[in-house]
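See below for the structure under consideration.
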Amino acid sequence: MKPLLFTNVRLIDPKSDIDQPGRLLVKDGIIAGIDLPDSEGKPEECDVIDGQGAVLCPGLVDMRVTVGEPGYEYRETIATAAQAAAAGGITTMAILPNTKPAIDNPALVSVLKAKGDETGSVTILPYGALTVGCEGKEMAEIGLLHEAGAIAFTDGNKAVENTRLMMLTMSYAHGYNCLVVQHPEDPSLAKNGSATRGELATRLGLPSIPAAAEAIMIARDLRLAELTKCHLHFGHVSTAEGLELIRQAKQRGLPISCDTAPMYFDLNEEAIGDFRTYAKLSPPLRSEEDRQAVCQALADGTIDAIASDHLPRDVDDKRLPFAEAAAGGTGLVTLLSVTLTRVKEKTLTLPQALSLLTHRPAELLKQSCGTLEKNQPADLCMFDPEKTWLVEAGILPGRAQNTPFDNRVLPGVVTGTWKMGRKVYEKALS
Amino acid sequence: MDNTFGQHFLGIEGLSSQHIEMLLDRADNYALLNRSRKTPRTLLRERTLITLFFENSTRTRTSFELAGKRLGADVINMSVSSSSVSKGETLLDTAYTLNAMRADLLIIRHSHSGAPALLAQKVDASVINAGDGMHEHPTQALLDALTIRRHFGSLSGLTVAICGDILHSRVARSNILLLNTMGCHVRVIGPPTLLPLTISKMGATPYYSMDEGIKDVDVIMMLRMQRERMQAGLVPSPREYFRFFGLDRRRLNLAKPGALVMHPGPLNRGVEIDSNVADDPQQSVIQEQVEMGVAVRMAVLEKFSHIKAQP
């Protein structure tokens with residue numbers, strides 16, 4: 001492979017605190033160096049890509065993705081998810097284990113990693129099941145799964161309800177220095193609910209889930225983190241109360257982190273409109289006050305990462321009465337663009353936004369990717385922050401189309417994605 | 001009565017290094033006598049020893065029984081299933097009954113910590129703790145110490161790793177107390193669900209990694225992994241336990257050359273220990289532990305019975 005030289009780009013690498021126009025050289029799939037635009041010379045026999053002023057940043061690291069494989073391939077396979085990821089500038093994605101069968105067997109971890117490698121465009125980081133079958137009854141083989149390459153442990157979109165089991169699994173995982181990820185929602189309060197409790201759910205006559213279901217689970221698990229010393233991460237946090245608990249726990253020095261998803265800082269409960277099932281999510285879309293609290297927590301550092309929370313569903317899952325429809329929205333293609341709305345609204349700077357999408361999730365998962373540092377694999381994303389695009393469910397890359405952002409015009413167009421220096425996605429600038 | 005020791009032997013806690021050395025010296029002597037079959041069969045003549053086991057343990061009970069018989073005591077085994085306890089009698093009722101029978105030595109094993117201590121308050125006989133709940137198993141610690149001392153000459157300065165279910169192990173607690181008293185460096189190794197962090201307050205350094213914990217130790221004490229711990233959700237599976245906390249040849253090679261391998265028995269082969277290691281005559285002293293068990297119990301019976309030791 002010839003060396004690759006990116007010129008005329010705005011290099012942004014939040015990890016290295018770089019935000020400058022310049023050039024980036026890739027050799028043998030590895031970042032060989034970056035320099036300023038007026039540097040002279042270039043390696044002989046190299047391919048040159050003129051970015052025309054676009055941003056060149058590390059390939060995005062998405063720490064919360066559901067893929068239908070194994071068991072629900074009709075919703076999404078690793079191969080189709082990889083297409084969507086590449087179009088969204090994502091080069092690394094951590095996938096949740098609540099498939100069928102669940103990822104509670106070391107052999108499955110190896111299979112998933114290999115399937116990611118087969119795509120050539122995305123690194124798959126499999127989560128291991130925290131409990132057998134993600135059923136919340138018995139501890140999974142955390143040590144063996146970790147040894148096979150599971151990057152952290154979770155039951156995916158199900159909270160571990162049994163407090164003793166949660167304590168034991170956290171304690172046990174701590175022995176392997178493993179991250180445990182919790183879906184912060186009290187299952188007994190969330191059972192059968194489909195919208196956040198409030199005026200809208202009442203008016204629409206929908207079974208509801210109180211926002212406190214999140215805070216209650218977070219409060220319990222913070223106490224368990226204190227007890228076990230285990231690094232605990234809360235996925236897709238969506239309420240002001242939950243975030244305040246996390247903020248206080250961090251101030252006390254607890255080993256805590258959290259992420260949120262674009263839906264929770266861009267949309268509020270009104271998005272379900274008149275029973276719009278694409279906006280039925282788990283956790284449900286919250287009140288405007290909660291949405292603003294999420295924005296605030298992104299800005300003040302309480303939230304450590306933004307993840308797509310990509311949860312593919314098919315038409316039959318969604319074309320049902322709201323209360324019966326499956327919860328979940330796709331998010332790989334829209335992850336970057338929705339995050340850029342925060343930049344447009346000036347609640348985040350561009351480097352801050354990219355930080356939440358690159359090195360910070362990578363560091364939580366103990367990965368060295370998500371940076372433009374020299375000698376790192378050349379996983380790169382190029383995008384034009386000034387351009388906009390229309391989200392159209394039905395023609396999105398990948399199999400799943402159930403996006404809550406359907407018909408939205410979003411900022412930021414991904415123009416190219418590279419994995420180990422190899423182009424895996426390209427959209428011509430016009 | 002030997003005034004150096006009290007009436008009862010309830011635990012290692014409270015024993016000085018001098019006490020322990022005395023017991024070990026005496027046990028060493030009995031080990032030699034046992035091998036030459038010249039035990040003083042009159043020492044406990046006309047003394048009655050009752051083994052009172054509320055928990056199954058063929059090995060320990062037989063060891064005490066043999067010790068008593070080799071010293072000439074009348075030995076009676078009281079098993080729980082045939083006792084009044086199964087009919088609802090309390091431990092104190094049992095104590096009063098045994099008192100009335102004027103037993104001299106009571107060897108008690110009980111699933112609850114503190115049961116021997118309670119009995120000791122109510123009986124005239126000397127109470128010997130043969131294992132109480134998760135508290136202490138003092139004669140096991142002594143026999144382990146004797147086995148180690150016979151190989152190294154002294155306990156002082158040795159590094160000993162105790163591996164497995166520390167949380168529920170009375171063997172671990174007694175050994176930590178004894179080994180610390182004798183100047184050893186004690187490490188404890190196990191998954192966090194079986195390794196209370198507060199164990200460091202007892203003078204043992206905790207390790208979650210067997211490979212790290214076992215590095216350069218002189219002695220490795222493996223503990224039996226109870227299957228019910230897995231059922232209780234403390235460990236995911238036997239295969240995972242063996243993979244990360246089982247003692248196999250590779251791991252053994254991380255310890256000092258010639259490190260001793262010990263186990264209180266009975267073994268769970270392929271769960272906490274590989275047969276290849278357990279049966280290795282060069283490093284495994286598991287059978288010697290059993291032999292020293294009888295000698296140690298003879299020494300304990302002698303020191304805690306109301307008689308003077310014979311020369």
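The sequence lines fix the lettering, A, B, ..., with proteins before strands; numbering per chain opens at 1. Heavy-atom basis, side chains included; hydrogens, waters and symmetry copies ignored.
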May I ask you to name which of A/Lys137, A/His174, A/Glu147 has the most heavy-atom pairs under 4.5 Å with chain B?
A/Glu147
Chain B contact via A/Glu138 - which portion, at a heavy-atom distance below 4.5 Å
neither
Are A/His183 and A/His236 an aromatic pair, judged by ring center distance below 6.0 Å?
yes
Chain B contact via A/Leu165 - which portion, at a heavy-atom distance below 4.5 Å
neither
Any side-chain to backbone donor/acceptor pair from A/Lys158 onto A/Cys134? Under 3.5 Å, distance only.
yes
Measure up the A/His146 and A/Tyr176 rings against each other and bin them: parallel (under 30°), tilted (30 to 60°), perpendicular (over 60°).
tilted
B/Asn276 and B/Arg269 side chains, donor-acceptor separation under 3.5 Å:
no
